[in-house]
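Structure record follows, encoded as C-alpha cells.
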Number of protein chains: 2
Amino acid sequence: MPERSVSIATKPPPDDDRIAPVRSVLSEEEGIDFTVIELLFFAYRDFTSDPDQILAQYGFGRAHHRVVHFVNRRPGLTVAELLDVLKITKQSLARVLKQLIDTGHIVQVQGPRDRRQRELYPTAKGRALSLALAAPQSRRIARALEGSDFADRAAVERFLKNMVDPELRAQIGKTPRTDAGAGGANGDGVEENRGEG
Amino acid sequence: MPERSVSIATKPPPDDDRIAPVRSVLSEEEGIDFTVIELLFFAYRDFTSDPDQILAQYGFGRAHHRVVHFVNRRPGLTVAELLDVLKITKQSLARVLKQLIDTGHIVQVQGPRDRRQRELYPTAKGRALSLALAAPQSRRIARALEGSDFADRAAVERFLKNMVDPELRAQIGKTPRTDAGAGGANGDGVEENRGEG
DNA sequence: AGATATATGTCAATAAGACTGACATAATTT
DNA sequence: AAATTATGTCAGTCTTATTGACATATATCT
C-alpha cells in the first residue's frame, strides 16, 4: 500500500505538505465573526423546518411557500414582480405557480390596464395556507424574543434589515402597490369583476 | 354574475366562490409577525449570496461551503458527526466530500482509537478557502451591527440562538472536541436566557 | 474463534428546484 | 405594420438532496 495511515484518499498525493491536516481550530481570532455566522445558519435552518413539515403534507416545497407568502402579502402583484422578489427565472416559477393555481390556492386576474399582465391573488384557501405556514414561524420568533424589551427587538430588526443589500432593501416590508396599509386594505377580499365580452 | 375575465386558469373552475381572488393584504393584524419573517428571508438570502459567488469560481455549491466550514471549525470531526450537524444523509455528503478531498481541501485521517472512523481535517488550502468564504459574510455582519452597542449585539445573538430548536442548541458554537485552539468565541453551546417567566 | 454490530464507502435510481435556450401568443407601444 | 413587452411553455441540464441495497474494514460480544 502506498498510503500512509494518514491519508486514505484514493488520489495520488501531489505533495505531502499540501495535504497535511490542519489541526488548529478556526476561531474568531482571524477577525471573523464566526459566532454570528453560525448562529444565522442554525437559526435559519430551524426557522424553515417549521413550514417544511406542513408543506410536505400538500406535496409542496419551499418554492411554493415563497410564492404563497408573497402573493398573500402583496395581492395583485404581477408575474414579473414576483420573479423580481424571488430572484428566480420564469421557467422555475412556472411549475410551482401552475401547481398552486391547479390546487386552487392562487388565481390569476387579467391586468386592468395592461391586459397582458396577470395579477396574482390568493384564494380563501391560499390565504388560509399562508397563515398556517406563517403561524409556527411567528410562534418561534415570539419565543425567541421572550424577555426582550422594545430596544432589544428594535436591535434585532435593525440588524436583519441591515443585512440586506442596500439596493434590495426597498423590497422589504413593502406592502402591495395598493398600499392601503392597515385598516383592512381592500376592506374585504370579495370579488370584484370586470366585464369583458 | 358569473365571472368572465377574472380567471384565466385552464382548469375547469370547481366553484366560483372557491376561486374568488382575495384582495386584502395579509398583514400583522392576524397576530403573525410578518415583519421579522420577511426580514429573516431577505437577510438570509443576501447573507448566502456572498460566498455563493466565490464558490461558483471553484465549481462548488453551498453544500461544499457547509462541509468546509464545519471541518474547519471542528477539525477532526468524524463523518458521522458531520452528518449530524448538517442533517443530511451519508449519500448526499459522499459526492461533496469526495470532491473536496480530490481538490485537496480536506483530508481524512484514520481515527486513533477506532480505526473505522475517518477524522476530517482541512488542509492549508481548505483553511484558506474557509476564511475566504467567511470574510465577506463577516464584513456584512459587521456593517449590519454598525452603530450597535454591546446590548444591541447581545440582543441579536440571543434572538438567533433562541431561534434554534432547544434540543439542537448544543451544536451551536461548539468548538471541536480537541480544544486545541484558543477558542474564545462562544465557548460551548451554553444556553443563556434572560431570566423571565 | 465466530457472530454481530458499527463506521464508512459506493452504486443505482429518484425527486425538487433551480438553470438556459428557444419559441409561441397576446397585447401594447411606436 | 413593426417592434416591444408580459407571459406561457417545451426541452434539456445541473445541483443537491433523497432512499435502498450492498461492500468492506474494524470493533465488540459471546
Side-chain angles (χ1 to χ4, degrees), chain A residues 1 3 5 7-11 45 48-49 51-53 55-68 76-102 106-120 194 196, chain B residues 5 7-11 45 48-49 51-53 55-56 58-68 71 76-102 106-120:
Chain A
M1 296 301 178
E3 307 278 20
S5 69
S7 173
I8 311 187
T10 54
K11 280 295 155 85
R45 183 192 65 177
T48 53
S49 72
D52 279 356
Q53 300 194 325
L55 290 160
Q57 300 167 6
Y58 293 77
F60 291 161
R62 278 187 204 170
H64 302 83
H65 185 185
R66 292 194 283 269
V67 171
V68 165
L77 50 42
T78 64
V79 170
E81 288 169 339
L82 184 53
L83 291 176
D84 188 54
V85 173
L86 299 181
K87 301 223 170 307
I88 59 174
T89 62
K90 183 176 46 165
Q91 297 89 333
S92 295
L93 175 62
R95 175 185 48 88
V96 171
L97 186 55
K98 185 176 192 316
Q99 283 179 274
L100 289 170
I101 289 171
D102 288 351
I106 289 180
V107 289
Q108 291 177 310
V109 176
Q110 218 171 40
R113 294 210 307 263
D114 188 334
R115 296 190 319 191
R116 291 171 304 180
Q117 292 185 332
R118 304 285 183 266
E119 295 184 346
L120 303 174
R194 259 167 299 279
E196 194 252 346
Chain B
S5 70
S7 173
I8 311 187
T10 54
K11 280 294 155 81
R45 183 191 65 178
T48 53
S49 73
D52 279 356
Q53 300 194 325
L55 290 160
Y58 292 77
F60 291 161
R62 277 187 204 170
H64 302 82
H65 184 185
R66 292 194 282 268
V67 171
V68 165
V71 168
L77 51 40
T78 65
V79 170
E81 288 168 339
L82 184 53
L83 291 176
D84 188 53
V85 173
L86 299 181
K87 301 228 171 303
I88 59 175
T89 60
K90 181 176 48 165
Q91 297 89 334
S92 294
L93 174 63
R95 176 186 47 87
V96 171
L97 185 55
K98 186 178 192 313
Q99 284 179 275
L100 289 169
I101 290 172
D102 288 349
I106 289 180
V107 289
Q108 292 177 310
V109 176
Q110 219 171 38
R113 294 204 318 249
D114 188 334
R115 295 193 321 193
R116 290 172 305 179
Q117 292 185 333
R118 303 286 182 264
E119 295 185 345
L120 303 173

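All figures in this text were calculated on a predicted structure; none of them were measured in a lab. Each chain gets a letter, A, B and so on, in the order the sequences are listed, and its residues count up from 1.
In this structure, A/Q117 places its CD atom 19 Å from P of D/dT4, rounding to the nearest Å. Between the C1' atom of D/dT9 and the CG atom of A/L83 lies a distance of 14 Å, rounded to the nearest Å. The distance from atom NZ of B/K98 to atom P of C/dT8 is 18 Å, rounded to the nearest whole Å. The interatomic distance linking B/L120 (CG) with C/dA7 (P) rounds to 14 Å, in whole Å. Whole-Å rounding puts the B/D102 CG to C/dG9 C1' distance at 13 Å. We find that CG of A/L100 is positioned 16 Å from C1' of D/dG8, with the value rounded to whole Å. Atom CG in B/L82 sits roughly 15 Å away from atom C1' in C/dG9 (whole-Å rounding). Straight-line distance from the CD1 atom of B/I101 to the C1' atom of C/dG9: 11 Å, rounded to whole Å.
With sequence neighbours left out, A/H65 forms a ring pair (Phe, Tyr, Trp, His ring centres under 6.0 Å) with no residue at all. In this structure, the side-chain hydrogen bond (donor to acceptor under 3.5 Å, both in side chains) partners of A/R116, at least two apart in sequence or on a different chain, are A/D114. When the salt bridge (charged side-chain N to carboxylate O under 4.0 Å, His left out) test is applied to B/R115, no partner is found at least two apart in sequence or on another chain.
We find the CZ-NZ distance between B/R66 and B/K87 to be 13.0 Å, quoted to the nearest 0.5 Å. The CD1 atom of B/I88 sits 7.0 Å away from the CG atom of B/L82 when rounded to the nearest 0.5 Å.
Between B/Q108 and C/dT8 there is no side-chain N or O to OP1 or OP2 distance below 4.0 Å.
Scanning both residues, A/P112 and A/E119, for their nearest heavy atoms gives CD-OE2, 3.1 Å. Between A/Q108 and A/I101, the shortest heavy-atom distance links the atoms CD-CD1, 3.5 Å.
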Sequence-aligned protein contact record of nucleotides 14-23 of chain D, with B where the base is within under 4.0 Å of a protein heavy atom and S where only the sugar-phosphate is: --BBBBBB--
Contact state string [nucleotides 25-30 of chain D, B base, S sugar-phosphate only, - no protein heavy atom under 4.0 Å]: BBS---
Listed pairs under 3.5 Å, donor-acceptor, residues 89-96 of chain B side chains, sequence neighbours left out:
{"unit_1": "B/T89", "atom_1": "OG1", "unit_2": "B/S92", "atom_2": "N", "d": "3.4"}
{"unit_1": "B/T89", "atom_1": "OG1", "unit_2": "B/S92", "atom_2": "OG", "d": "3.0"}
{"unit_1": "B/R95", "atom_1": "NH1", "unit_2": "B/Q99", "atom_2": "OE1", "d": "3.4"}

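A 4.5 Å side-chain heavy-atom check between B/L100 and B/V71 finds every atom pair outside the cut-off.
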